[in-house]
Amino acid sequence: MTHIPRAPLILGLLGLTPFVWGAATVMVDDLAALGLQYLGPRFIGPYVQLFYGSVILSFMSGVLWGFATKASGAQAATGYTLSVLPALWAFFMTGGGPTGAATNLIFGFLGVLMLDFAFSRWGLTPPWWMALRTLLTAIVVACLTLTVI
């Protein structure tokens, strides 16, 4: 595994907070009550995960777009086209209730991981990118799975 630089690793792990917090408030009623009292309903349970997950999928579209700028010709066109898919997925697939939306986010994050892999294979990402993305995606998917079940 390639060494992940400290800043992206720390920021990436900190970025998991809403997913972990959301899963914790789904699993622990007292924690959900505390969160409800001090943060409000939007910031507990599946609601924080779903809103934040949509934001992060859109963010990942921007990251992939940035990687596509390193390509040229048909590969660049393919990269730009693929890079908008996570944001479109979040926009169209996160309605319909918390279970369905969380399930769709799981598929969205797994899809982004596949796109990360493609961009990495094309040489458009830093060498440590897949190590970071695999770690973060595994935690996000685990947290969303707790919400679904």
Side-chain angles (χ1 to χ4, degrees), residues 1-2 4-28 31-32 35-36 39-71 74-149:
M1 183 161 30
T2 305
I4 303 167
R6 178 173 278 193
L9 179 61
I10 290 171
L11 291 171
L13 291 172
L14 287 173
L16 296 172
T17 303
F19 293 110
V20 173
W21 170 254
T25 59
V26 165
M27 303 296 289
V28 181
L31 196 56
L36 182 61
L39 302 173
R42 184 172 161 217
F43 294 101
I44 62 168
Y47 307 105
V48 68
Q49 290 179 320
L50 299 178
F51 183 72
Y52 187 69
S54 295
V55 169
I56 294 302
L57 281 181
S58 296
F59 173 80
M60 291 309 299
S61 276
V63 171
L64 295 173
W65 184 279
F67 290 152
T69 65
K70 295 172 65 177
Q75 187 181 56
T78 300
Y80 290 128
T81 301
L82 292 174
S83 74
V84 301
L85 294 178
L88 291 173
W89 183 266
F91 181 74
F92 286 111
M93 302 303 289
T94 57
T99 302
T103 301
N104 286 335
L105 279 178
I106 289 169
F107 286 114
F109 279 101
L110 292 173
V112 168
L113 188 62
M114 288 188 282
L115 293 176
D116 285 325
F117 181 72
F119 280 67
S120 178
R121 292 288 304 232
W122 295 337
L124 303 176
T125 67
W128 47 265
W129 185 250
M130 286 310 299
L132 176 65
R133 294 297 304 132
T134 301
L135 171 67
L136 298 178
T137 301
I139 296 169
V140 167
V141 167
C143 290
L144 289 169
T145 299
L146 289 173
T147 295
V148 169
I149 58 172

State, yes or no, whether a side-chain contact exists between [X] and [Y] at a heavy-atom distance under 4.5 Å.
X: Pro98; Y: Thr147; result: no
X: Asp116; Y: Val63; result: no
X: Val26; Y: Leu146; result: no
X: Thr94; Y: Leu50; result: no
X: Trp89; Y: Val112; result: no
X: Thr145; Y: Ile106; result: yes
X: Leu105; Y: Gln49; result: no
X: Ser61; Y: Leu85; result: no

Could you state the interatomic distance from [atom1] ([X]) to [atom2] ([Y]), rounded to the nearest 0.5 Å?
X: Leu88; Y: Met93; atom1: CG; atom2: CE; result: 11.5 Å
X: Leu11; Y: Leu136; atom1: CG; atom2: CG; result: 10.5 Å
X: Leu36; Y: Leu31; atom1: CG; atom2: CG; result: 11.5 Å
X: Leu124; Y: Gln75; atom1: CG; atom2: CD; result: 5.0 Å

Could I get the full list of ring pair (Phe, Tyr, Trp, His ring centres under 6.0 Å) partners for Phe51, not counting sequence neighbours?
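So Phe51 forms no ring pair (Phe, Tyr, Trp, His ring centres under 6.0 Å) with any residue.
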Got a sec, which residues hit ring pair (Phe, Tyr, Trp, His ring centres under 6.0 Å) with Phe19, two or more places apart in sequence or on another chain?
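If we apply the ring pair (Phe, Tyr, Trp, His ring centres under 6.0 Å) test to Phe19, skipping adjacent residues, the hits are Tyr52, Phe109.
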Going through the checks in order, is the side chain to side chain contact (heavy atoms under 4.5 Å, CB included) test met by Val141 and Leu110?
CA-CA 8 Å; Val141 167; Leu110 292 173; 3.9 Å; yes
Quick check: closest heavy atoms across [X] and [Y], and the distance to 0.1 Å?
X: Ala23; Y: Cys143; answer: CB-O, 3.8 Å
X: Pro86; Y: Ser83; answer: CD-O, 3.3 Å
X: Pro18; Y: Leu14; answer: CD-O, 4.5 Å
X: Tyr47; Y: Pro41; answer: CD1-O, 3.7 Å

Does Phe117 CZ have over 12 foreign heavy atoms under 6.0 Å away?
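No, because the 6.0 Å sphere around CZ of Phe117 holds 12 heavy atoms or fewer from other groups.
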Would Phe67 and Trp129 count as a ring pair (Phe, Tyr, Trp, His ring centres under 6.0 Å) here? Give the steps.
CA-CA 11 Å; Phe67 290 152; Trp129 185 250; 5.0 Å; yes
Step by step, would you call Leu82 with Phe119 a side chain to side chain contact (heavy atoms under 4.5 Å, CB included)?
CA-CA 10 Å; Leu82 292 174; Phe119 280 67; 4.2 Å; yes
Return yes if some donor-acceptor pair links the side-chain N/O of Thr137 with the main-chain N/O of Thr134 below 3.5 Å, else return no.
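No, Thr137 side chain to Thr134 backbone: no donor-acceptor pair under 3.5 Å.
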Say whether, by atom type as modelled, one donor and one acceptor occur between the side chain of Thr25 and the main chain of Ala32 under 3.5 angstrom.
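Looks like no, no N/O pair under 3.5 Å.
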